[in-house]
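This is the structure I have questions about; it appears just below.
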There are 2 protein chains.
Amino acid sequence: MARVKQTELAVLCVLGVQPMTGYAVRAAIREQLGFFWSESFGQIYPALAELERTGLVERHEGTRAGSSTYSLTSDGRARLVQLLKEPDAPAPRRDGLMLRLFFGRVLGPDACRELVERARDSARQQLAVYEGVRASVEAETTFPEHQAYWLITISAGEHTARAAIDWAEETLASLDGQRERYVR
Amino acid sequence: MARVKQTELAVLCVLGVQPMTGYAVRAAIREQLGFFWSESFGQIYPALAELERTGLVERHEGTRAGSSTYSLTSDGRARLVQLLKEPDAPAPRRDGLMLRLFFGRVLGPDACRELVERARDSARQQLAVYEGVRASVEAETTFPEHQAYWLITISAGEHTARAAIDWAEETLASLDGQRERYVR
DNA sequence: TCATTCATGTAAGTGGTTACATGATTCA
DNA sequence: TGAATCATGTAACCACTTACATGAATGA
């Protein structure tokens, strides 16, 4: 059904904060939503054209030659609220690490160990990043009305990362047990 | 680059356990990998044709008229091991709940509360499902060499679900604080 | 006998990325 | 002056789902 709806929603969200160019929309998504969202130019520009066609955004002369800033119309803001209220589409399930571990017998405990160690290390790195971002968001006072919501998403990242670390450590212990049984 | 590589890997994985029809491949993926993987017929049949063309699987007469069972060739098994060793492709990031909460200011604390409650409830349900599956896998003795690996993936699901529940409960408390500040 | 399950496949459409082409502006 | 960044867009391709068409076998 609904075409480019995910992209449409993300674009409306960032334009809801302030008017900007397509280029800036992508930068905002990368920098602010990078932990849980991504969009490419190949999605953003067609989406902006479609949003303009349906009257949800307005196009204004940009500061540069050939550039345009887009801003939400009141229809656009209504649509944004409507889309935000809709339940989100279920994400396609494709977890390569789990697939590899489910068939772990094929690779054996040592190779699985490596996979899990890599997962643990990247989760640790992620956690450190989240903690850094938390500190800078807590220090930030430019958008106090958004702060609490931003912290909620950071907290989700921290919980997820910590869960991954805990699971990895447990799993490494269990793989050691596995290994002993085969070695002896 | 590599086309249908994800599907190719999943199909090789399940055919690595035992030869079966395309229909049965899909059933196996649904029933056994359902928590972290999905494939549709529209992927599976072309993938099987391609795998046969490249000599990674062999096609045999099935028990029924017009049906075929596929089995791994030795090339196919080598390819399976090779693909399992490769690091998994990063999943596309698109978390609708996080997007909604990041822009939570637009909907306000009450609507966000509902979103988080729904997330908590579905995580609780998930956790119950995982615990049920764990019990039946622990009771199962048909594939003892796979059991430990299956439990690892179930454990990952449990950790993820528990993290989601913890985060949701924390977040609900924080949203209450948010609400009070605006009401008073 | 007839609904259900098993079984194979294709076509249309969705949603997405990457690479490319193009050019203006900024700033060291 | 020339590298980096800002800016817009398209074309080709990839991965995937849904719906459809077809029919054999099973079993209540």
Side-chain angles (χ1 to χ4, degrees), chain A residues 1-11 14-15 19-31 33-34 36-53 57 59-70 83 88-96 99, chain B residues 1-11 14-15 19-31 33-34 36-53 57 59-70 83 88-96 99:
Chain A
M1 241 142 282
R3 203 175 148 214
V4 293
K5 212 174 56 176
Q6 301 271 299
T7 300
E8 185 190 338
L9 171 57
V11 169
V14 303
L15 289 181
M20 60 185 97
T21 66
Y23 188 86
V25 166
R26 197 241 196 165
I29 289 173
R30 277 198 158 182
E31 286 154 28
L33 314 181
F36 51 81
W37 207 269
S38 70
E39 294 289 349
S40 59
F41 287 136
Q43 291 277 107
I44 289 170
Y45 285 112
L48 282 169
E50 178 66 12
L51 286 169
E52 192 196 3
R53 203 186 61 76
V57 304
R59 186 179 194 149
H60 313 276
E61 275 292 290
T63 48
R64 288 167 171 233
S67 83
S68 341
T69 29
Y70 293 88
L83 285 175
D88 57 330
R93 284 165 299 184
R94 261 197 164 74
D95 187 324
L99 184 72
Chain B
M1 238 151 285
R3 203 174 146 216
V4 293
K5 214 173 53 176
Q6 301 270 301
T7 300
E8 186 191 338
L9 171 57
V11 170
V14 303
L15 289 181
M20 61 184 95
T21 65
Y23 187 87
V25 166
R26 198 240 197 166
I29 289 174
R30 279 200 155 180
E31 286 155 27
L33 314 181
F36 50 81
W37 207 270
S38 69
E39 295 288 350
S40 59
F41 287 136
Q43 291 278 105
I44 289 170
Y45 284 113
L48 282 170
E50 178 67 12
L51 287 169
E52 192 196 3
R53 204 185 59 76
V57 304
R59 184 178 195 150
H60 313 277
E61 276 291 291
T63 48
R64 285 167 173 236
S67 83
S68 340
T69 35
Y70 293 88
L83 285 176
D88 57 331
R93 283 165 300 184
R94 261 194 163 75
D95 187 325
L99 185 71

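By convention in this document, chain letters (A, B, ...) are assigned in the order of the sequence lines, proteins followed by strands, and residues within each chain are numbered from 1.
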- [ ] Report the distance from atom CZ of Arg59(B) to atom C1' of dT8(C), rounded to the nearest whole Å.
- [x]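 Rounded to whole Å, this separation is 9 Å.
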
TODO: Mind calculating the distance between CZ (Phe41(B)) and P (dT17(D)) to the nearest angstrom?
DONE: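 Rounding to the nearest Å, CZ of Phe41(B) and P of dT17(D) are 12 Å apart.
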
- [ ] Mind running side-chain contact (heavy atoms from CB on, under 4.5 Å) on Arg94(B) and Glu39(A) for me, showing each step along the way?
- [x] CA-CA 9 Å; Arg94(B) 261 194 163 75; Glu39(A) 294 289 349; 2.4 Å; yes

TODO: Check the distance between dT8(D)'s C1' and Glu61(A)'s CD and give it to me in whole angstrom.
DONE: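 Taking CD of Glu61(A) and C1' of dT8(D), I get 14 Å after rounding.
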
Open item on the list: Quick check: do Leu33(A) and Val14(A) have side-chain heavy atoms less than 4.5 Å from each other?
Closed with: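 Yes, side chains in contact.
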
Task: Whole angstrom value for the distance that separates P of dC6(C) from CZ of Arg30(B) - done: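 The distance from CZ of Arg30(B) to P of dC6(C) comes to 11 Å, rounded to the nearest Å.
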
Task: Counterpart residues, side chain to side chain donor-acceptor pair (under 3.5 Å), relative to Ser68(A) (two or more places apart) - done: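 With neighbours one apart ignored, the set is Arg59(A).
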
- [ ] Please examine the side chains of Thr63(B) and Thr21(B), heavy atoms only from C-beta on, and report whether any two atoms are closer than 4.5 Å.
- [x]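 Thr21(B) does not reach Thr63(B) side chain to side chain.
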
Task: Atom pair distance, as rounded to whole Å: CD in Glu8(A) and C1' in dT14(C) - done: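 Taking CD of Glu8(A) and C1' of dT14(C), I get 14 Å after rounding.
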
Open item on the list: On the nucleotide dT8(D), are OP1 or OP2 found under 4.0 Å from the side-chain N or O atoms that Tyr45(A) carries?
Closed with: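 True: Tyr45(A) side-chain N/O within range (under 4.0 Å) of dT8(D) OP1/OP2.
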
- [ ] For DNA chain C, determine which residues of residues 62-69 of chain B have any heavy atom closer than 4.0 angstrom to one of its atoms, and list them numerically.
- [x]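 Output list: Arg64(B), Gly66(B), Ser67(B), Ser68(B).
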
- [ ] Ignoring backbone atoms, establish whether Ser38(A) has a side-chain N or O less than 4.0 Å from OP1 or OP2 of dT17(C).
- [x]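 Checking Ser38(A) against dT17(C): at least one side-chain N or O falls below 4.0 Å of OP1 or OP2.
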
Task: Any residue meeting salt bridge (charged side-chain N to carboxylate O under 4.0 Å, His left out) with Arg26(B), in chain and number order, not counting sequence neighbours - done: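 Result, salt bridge (charged side-chain N to carboxylate O under 4.0 Å, His left out) vs Arg26(B): none returned.
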
Open item on the list: Which nucleotide wins on minimum distance to the side chain of Gln43(A), given the candidates dC16(D), dT17(C), dG9(C)?
Closed with: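 Ranking dC16(D), dT17(C), dG9(C) by closest atom to the Gln43(A) side chain puts dT17(C) first.
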
Open item on the list: Can you tell me if Tyr23(A) touches the phosphate of dC6(D), counting only side-chain N or O atoms and a distance under 4.0 Å to OP1 or OP2?
Closed with: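 Yes, such a contact exists.
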
Task: Those residues that, when tested against Ser67(B), pass side chain to side chain contact (heavy atoms under 4.5 Å, CB included) (two or more places apart) - done: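 Ser67(B) satisfies side chain to side chain contact (heavy atoms under 4.5 Å, CB included) with Arg64(B) only.
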
Task: Whole-Å gap separating P (dG16(C)) and CG (Leu9(A)) - done: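 Rounded to whole Å, this separation is 11 Å.
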
Open item on the list: So, OP1 or OP2 of dA7(C): does either fall under 4.0 Å of a side-chain N or O from Thr21(B)?
Closed with: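 Looking at the OP1 and OP2 atoms of dA7(C), one of them is under 4.0 Å from a side-chain N or O of Thr21(B).
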
Task: Whole-Å distance separating the CZ atom of Arg94(A) from the P atom of dA15(D) - done: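 Roughly 10 Å, once rounded to whole Å.
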
Task: Arg53(A) bridged to Glu50(A) by N-O distance under 4.0 Å - done: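 Judged by the 4.0 Å cut-off on N to carboxylate O distance, Arg53(A) and Glu50(A) do form a salt bridge.
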
Open item on the list: Expressed as a whole number of angstroms, how long is the span from Glu39(A):CD to dT8(D):P?
Closed with: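 It works out to 16 Å between those atoms.
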
Open item on the list: Can you tell me which nucleotide in dG9(C), dT10(D), dT17(D) comes closest to the side chain of Pro46(A)?
Closed with: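 When the side chain of Pro46(A) is considered, dT10(D) is the closest of dG9(C), dT10(D), dT17(D).
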
